[in-house]
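Predicted, not measured: the structure shown is a model, and the values here were computed from it. Every heavy atom of this structure was used, including side-chain atoms; hydrogens, water molecules and symmetry mates were not.
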Amino acid sequence: FRTLLTEGRTYGFARTLGTKSAVALFNADTQPTTFTLDGEALSAAVPEGAGTVFKVIAGPDWFPNAGSGSLTSGQTLDLGQGAVEITLPPLSGALLAN
């Protein structure tokens, strides 16, 4: 596991196996939160030779009371382009995989 961010009640980590990676993001606050995933942290978490385009496997739309955020399930996100700004609704999260 590699921690990507900890800001208030927001937490994100990456898990890697071979050339596959997953990024898990959580907002445990009762307010929406917007945060930036740092490009350096992302490149350190993704193994060399692995793709940097991630699919949102489960976005905030999976949480029935969460409201809307900047991610939706099925969306693709290129994490290799530097810092990425993400908004998560309260009491929600997202799971991304390459």
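- Between the side chains of Asp78 and Thr52, a donor-acceptor pair is found at a separation under 3.5 Å.
- Cluster annotation: Val84 and Leu4 are assigned to the same hydrophobic cluster (Ile/Leu/Val/Met/Phe/Trp/Tyr, side-chain heavy-atom contacts under 4.5 Å, transitive).
- Under the 4.5 Å side-chain criterion, counting only non-hydrogen atoms from C-beta, Pro90 is not in contact with Asp29.
- With rounding to the nearest 0.5 angstrom, the OG1 atom of Thr34 is 9.5 Å from the CG atom of Asn27.
- How far CG of Leu88 is from CD of Gln31: 13.5 Å, rounded to the nearest 0.5 Å.
- Residues Asn98 and Lys20 form a side-chain contact, since some pair of their non-hydrogen atoms from C-beta on lies under 4.5 Å apart.
- When each of Leu5, Thr10, Thr33 is paired with Leu25, the side chain to side chain contact (heavy atoms under 4.5 Å, CB included) condition holds for Leu5 and for no other.
- Atom OG1 of Thr36 sits about 7.0 Å away from atom CD of Glu7, to the nearest 0.5 Å.
- Hydrophobic clustering (ILVMFWY, side-chain heavy atoms < 4.5 Å, transitive): Phe26 and Phe1 are in one cluster.
- Between the side chain of Thr6 and the backbone N or O of Tyr11, no donor-acceptor pair lies under 3.5 Å.
- The two residues Ala28 and Leu91 have their closest heavy-atom pair at O-CD2, 3.5 Å.
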